[in-house]
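Everything below concerns the one structure shown next.
Below, chains carry the letters A, B, ... as their sequence lines are ordered, and counting in each starts from 1. Predicted model only: the values in this text are computed from it and were never measured.
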Amino acid sequence: MLAGAGSGKTRVLTHRIAYLIEEKGVNPWNIMAITFTNKAAGEMRERVDRLVGFGADSIWVSTFHSSCVRILRRHIESLGFTTNFTIYDTDDQKTLMRHVLKKLDLDPKVYKDRAMLGLISTAKNELVSAAEFELNASGDFRQKKAASVYKEYQSQLKKNNALDFDDLIMKTVELFQNNSEVLNYYQERFRYIMVDEYQDTNTAQFRLISLLAGKYKNLCVVGDDDQSIYKFRGANIENILNFEKSYPGARVIKLEENYRSSQNILHAANEVIRHNRGRKDKTLWTSNEEGPLVQFKQFENAAEEADAIVRDILNSASDYQDCAVLYRTNAQSRLIEEKCLQHNVPYRMVGGVNFYQRKEIKDILAYLKTIANGRDDLSVLRVINVPKRGIGATSIGKVQAFASEREMGIYDAFCRAKAVPGLGKTADKVLGFTEKIEDFRSRLTEETYSIHELIEDILDETGYQKELEAEGEIEYQTRLENIEELINKAISFEGEHEHPELSEFLEEVALVADVDRMDESENRVTLMTLHSAKGLEFPRVYLSGMEDGLFPSMMSISSDNKEDVEEERRLCYVGITRAQKFLMMTAARQRMVNGETRYSKVSRFVEEIPGELLDSSRLEQRLSSRAQSDFDDSGLPWGKSGAAGRTSGVSSFGPGSNAYASKTSKPVSTPGFGKAFTVEKPLSLGYKEGDRVSHIKFGIGEVKEIKDGGRDFEVTVHFDHAGVKKMFASFAKLKLVRE
DNA sequence: ATCTCCTTGTTTTTT
DNA sequence: ACAAGGAGAT
């Protein structure tokens, strides 16, 4: 099925499931629905449950990766791993790769970890094993080196009883190909297979599906070639374009009615995507209302752009949760965030630094992994000296040498620290660590001991929390908060499972991406990259940074491969079609990129939209480049072009309407641009001790204490739900609540 | 063993 | 601009 954006793909899939069960008498047990994200899986699960009712829970609705994990947990022993294997994320992979490069004595300047991992990932996505890679590399010196890196990387993974994300798919394919009994079992089990977002499948995923569907050939895939935006991750657009060739006799159904966007938005999207070659021709139409024109505004710099977006959200009088600001790169989020804080607009940022990539979370998880899987060297090494135990690099090196001599895991070597030559007094410190781990392990065997208790005990008994406390007030607060979120996650996991297993908890955590944690119930503006926005929709969408060189990116423009710009164009198409009722595209004439001011033209994608579909206001070609003093934001964002292009009914703003009129100045950021905002000490706070205030993240609470800390006020608030927090007034942006 | 300064490399990233 | 990793100093 070729389904355009907003044409109700998920609806079709879920109804097909219901149809199969109710009309065709298919056993729900025989149905499998595969998606790419947990979020999509969750959404589908919910809809299927509602539609199907009885038996719905025996349908497999899951992502590629979690399906594979489920299968591997049962059968991976035939591939030489144990069933409690660990899943390595990108950071783990990097760490492991550094070990590999060191071991092979390769110059990290010539053989970069990221490049090597990229090579390996591409290979795995194409189902090329280390051995095959080596064969293909014959002759080329660099390729040969890469092959040895790949080989060593795999053997290290195996030694650690770990798989990386790509392995999850590839090993499952391997399992099916080597073991016809297992394959047959799953072919019988999944007689009806449905795949969402099929345009994003890579070769390995394609093979996996072909194997599963090979017997009964009841395969239904849904996708949109125009929304393929993951080529850089191995997604193979040919999978969908050639579907009819791979499956002769397949019926292709096109869905071209869009139920999401207004006519003007949809027309703009169609106009942009029309410029791509090599796509299945289709033109989306809608019977929705015409809606307002798509807005386009160009600003002098990125700060003005961000400011205008946030102001427009405020002026639109829409709910915050109806608005999304999308951008090409995560780096762009900072300015928008700052402006939201400045204008007291609550926001939620998706992406950026992933929750599970944060140091404190990784530390705790490394402890848990060490406890669950003693063979995971990476995790053991991560926490052996965290908190500091006086076990340094030299001592660890000695143990590693000892371990590799005997071909044992690093943890086992630590346990036998006394036998390691030259450790001396350090051996006792090491044993202190392993004894603690053993202690935790034995507690886990008790029926009543839970995962969240374990986390709390780790914090307390290893001295981890003590070390965090020493880091400083605000740092400590946020880190502890993150850990608390992990504890909450553990508690809810315990609630969902009758016999909560630590390894299962770790697996769930390993497969969760950031978008999944987005809580839609809160009224906040959503900030995210265009990539993370796929599959979502919002009444009001702002596409920021529409500049040539940023979007499309410089890389794609200067690439020899014309298709690279086409992928960016598809990304733009995805962005435009997220909008239901209102779309504004914005650009900045100058922007700081990698520490340098960059001047850019308006994005070619904007130019591709015919003028009559756009309500646009651009800056004159040459403006005085004199830095303006926008100390109190007196420079109207689109002031140079007067009120032109502004939607009617928008209340005016400008000098005087600023909520933060009185400030002492302490300009810190936006170098090169006169004085701008940032965190400044307010003369008065607008609240006093005993008042009720609200915080963007912690909610509502009572002010317990206000201390003048010189440059800023330090405020202690007891929040109703988040507990007592100490924070700096200019940073926290507390707002008085009248009750 | 740990702290501090310097060099380095910076698209996107469902899992 | 900015963060992270590595080398050299304490």
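- Between A:Met97 atom CE and C:dG5 atom P the separation is 16 Å, expressed in whole Å.
- Whole-Å rounding puts the A:Glu43 CD to B:dT14 P distance at 16 Å.
- Counting only N and O atoms by type, the side chains of A:Arg348 and A:Thr526 include a donor and acceptor under 3.5 Å apart.
- Within the cation-pi definition used here (under 6.0 Å to the ring centroid, within 45° of the axis), A:Arg73 qualifies as a partner of A:Phe85.
- Counting to the nearest Å, the P atom of C:dG5 and the CG atom of A:Leu101 are 15 Å from each other.
- By the 4.5 Å heavy-atom criterion applied to side chains, A:Ser333 and A:Met349 are counted as neighbours.
- Here A:Arg598 does not pair with A:Glu547 in a salt bridge; the nearest charged N to carboxylate O distance is not below 4.0 Å.
- Under a cutoff of 6.0 Å and an axis angle of 45°, A:Arg45 and A:Trp60 do not form a cation-pi pair.
- Taking a cutoff of 4.0 Å between a charged side-chain nitrogen and a carboxylate oxygen, A:Asp164 and A:Lys124 qualify as a salt bridge.
- Residues A:Lys231 and A:Asp564 are paired through a salt bridge, judged by an N-O separation under 4.0 Å between the basic side chain and the carboxylate.
- The pair A:Lys94-A:Asp113 fails the salt-bridge criterion, with no side-chain N (NZ, NE, NH1 or NH2) lying under 4.0 Å from an Asp/Glu carboxylate O.
- Across the protein-nucleic acid pair, A:Asp91 atom CG and C:dA4 atom C1' stand 11 Å apart, rounded to whole Å.
- Remark: C1' of C:dG5 and NZ of A:Lys102 are 11 Å apart, rounded to the nearest angstrom.
- What separates CD of A:Gln332 from P of C:dA1 is a distance of 18 Å, to the nearest Å.
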> What string of B, S and - do you get for nucleotides 7-13 of chain B 5' to 3' if you count protein non-hydrogen atoms under 4.0 Å?
Replying inline: --SBBBB
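- To the nearest angstrom, C1' of B:dT14 lies 17 Å from OH of A:Tyr198.
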Hey, what are the protein-to-nucleotides 1-5 of chain B N/O distances that come in under 3.5 Å?
| from | atom 1 | to | atom 2 | distance (Å) |
| --- | --- | --- | --- | --- |
| B:dA1 | OP1 | A:Gly392 | N | 2.4 |
| B:dA1 | OP2 | A:Thr394 | OG1 | 3.2 |
| B:dT2 | OP2 | A:Asn385 | ND2 | 3.3 |

